[in-house]
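This one's a predicted model, so the numbers in the text were calculated from it and none came from an experiment.
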Amino acid sequence: RLPYQIQLSKRLILITFDEGLLYNLEKEENKLSKSTNCIKNRYCGIDLNPNYIGFSVKNEDKIIHTEQIDLKKLTGKNISSNKLDHETKEIFHYIGRKLKSLNVEYIFLEDLNFKNGNKNKGKSFNRLTINQWNRNTPYNILSKYFKNKIFKVNAAYSSTIGNCLYNFPDPINASLEIGRRGFEVIILKKKNEKGVSSFYPDFDLLK
């Protein structure tokens, strides 16, 4: 968002940029982070995956926005961990700004606080989920935009349920279920006819 030029000399690294544009961008960031405008009961669910990030925005049952971000070219063998870390941070700043512009009230984020250690799913899985993926980055960055309005949600079977209910790509389907689960269980504290939490929804398979 800020064009710049880099020049090298024997002693210095010279970075040239428009200071006025930088000031305007910082002003925009501060305005977004302090914004309190939101639409009541508009919420976002986010599915986190080292290769793909899916997020969706709903107003109760109405889908407002869906988006998928591909990280696959940044993961795997012989990748730059610094590049992955930088791009991940930029992505979640982008998501934070996007959700602010959509006047989202709540964010529900997949809870990634699982135990470290071999999950017996192969070296590639361990590399992605343990070594390369900084699981704290999404929450830490989005908390700057949505203080006290961001919640971690147990994402068990969210992909399976999401794919039974929706016709979007898998990460978006999962994000829709994570959002529903967070909104109904955490905010509405909704229960079914038997008085059981609506953590898992009652539904018919998608026809």
Distance from [X] atom [atom1] to [Y] atom [atom2], nearest 0.5 Å?
{"X": "Asn154", "Y": "Asp111", "atom1": "CG", "atom2": "CG", "value": "7.0 Å"}
{"X": "Ile150", "Y": "Leu142", "atom1": "CD1", "atom2": "CG", "value": "4.5 Å"}
{"X": "His93", "Y": "Thr137", "atom1": "NE2", "atom2": "OG1", "value": "9.5 Å"}
{"X": "Tyr106", "Y": "Leu99", "atom1": "OH", "atom2": "CG", "value": "15.0 Å"}
{"X": "Glu177", "Y": "Phe108", "atom1": "CD", "atom2": "CZ", "value": "12.0 Å"}
{"X": "Phe199", "Y": "Arg180", "atom1": "CZ", "atom2": "CZ", "value": "8.5 Å"}

Can you pull out every salt bridge (Lys or Arg N to Asp or Glu O under 4.0 Å) where at least one residue sits in residues 46-64? Sequence neighbours excluded, please.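 Listed once each, the pairs would be none.
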
Looking at side-chain heavy atoms only, is the closest gap between Leu176 and Leu165 below 4.5 Å?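 Heavy-atom side-chain distance check fails, nothing below 4.5 Å.
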
Side-chain contact test, heavy atoms from C-beta onward, threshold under 4.5 Å: evaluate it for Pro171 versus Ile53 and give yes or no.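 Not touching, per the 4.5 Å side-chain cut-off.
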
Would you please name every residue forming a salt bridge (charged side-chain N to carboxylate O under 4.0 Å, His left out) with [X], sequence neighbours left out?
{"X": "Glu87", "value": "Lys83"}
{"X": "Lys149", "value": "Glu105"}
{"X": "Glu110", "value": "none"}

Phe151 vs Ile107, test: side-chain contact (heavy atoms from CB on, under 4.5 Å). Steps then yes/no. CA-CA 6 Å; Phe151 305 89; Ile107 293 182; over 6 Å; no

Is NZ or CZ of Lys98 both nearer than 6.0 Å to the six-membered ring centre of Tyr145 and within 45° of the ring axis?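 Cation-pi check for Lys98 and Tyr145: fails.
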
Report yes or no: do [X] and [Y] belong to one cluster of Ile/Leu/Val/Met/Phe/Trp/Tyr joined by side chain heavy-atom distances under 4.5 Å?
{"X": "Val153", "Y": "Tyr52", "value": "no"}
{"X": "Ile69", "Y": "Ile141", "value": "yes"}
{"X": "Leu188", "Y": "Val185", "value": "no"}
{"X": "Leu84", "Y": "Ile95", "value": "yes"}
{"X": "Leu74", "Y": "Leu48", "value": "yes"}

Of the non-hydrogen atoms in [X] and [Y], which two are nearest, and what is the gap between them?
{"X": "Ile172", "Y": "Ser56", "answer": "O-OG, 4.3 Å"}
{"X": "Cys44", "Y": "Val104", "answer": "N-CG1, 4.0 Å"}
{"X": "Tyr43", "Y": "Asn41", "answer": "CD2-O, 3.5 Å"}
{"X": "Ile46", "Y": "Phe55", "answer": "CG1-CB, 3.8 Å"}
{"X": "Leu25", "Y": "Leu2", "answer": "CD1-CB, 3.8 Å"}
{"X": "Ala155", "Y": "Arg181", "answer": "C-NH1, 3.5 Å"}

Before giving the answer on side-chain contact (heavy atoms from CB on, under 4.5 Å), spell out for Phe92 and Asn140 the whole-Å C-alpha distance, their side-chain angles and the decisive distance to 0.1 Å. CA-CA 9 Å; Phe92 282 97; Asn140 291 342; over 6 Å; no

In chain order, what residues pass the side-chain hydrogen bond (donor to acceptor under 3.5 Å, both in side chains) check against [X], with sequence neighbours excluded?
{"X": "Ser158", "value": "none"}
{"X": "Ser198", "value": "Glu184"}
{"X": "Tyr94", "value": "Glu67"}

Of all residues at least two apart in sequence or in a different chain, which pass the side chain to side chain contact (heavy atoms under 4.5 Å, CB included) check with [X]?
{"X": "Asn59", "value": "Ile39, Arg42, Ile64"}
{"X": "Ser159", "value": "Asn163, Asp170, Ala174"}
{"X": "Ile6", "value": "Tyr4, Leu8, Ile13, Ile15"}
{"X": "Asn24", "value": "none"}

With Phe168, which residues qualify under ring-ring contact (aromatic ring centres under 6.0 Å, His included), at least two apart?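 So Phe168 forms no ring-ring contact (aromatic ring centres under 6.0 Å, His included) with any residue.
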
Could you go through the side-chain contact (heavy atoms from CB on, under 4.5 Å) check for Tyr23 and Glu19 one step at a time? CA-CA 6 Å; Tyr23 172 79; Glu19 191 171 359; 5.8 Å; no

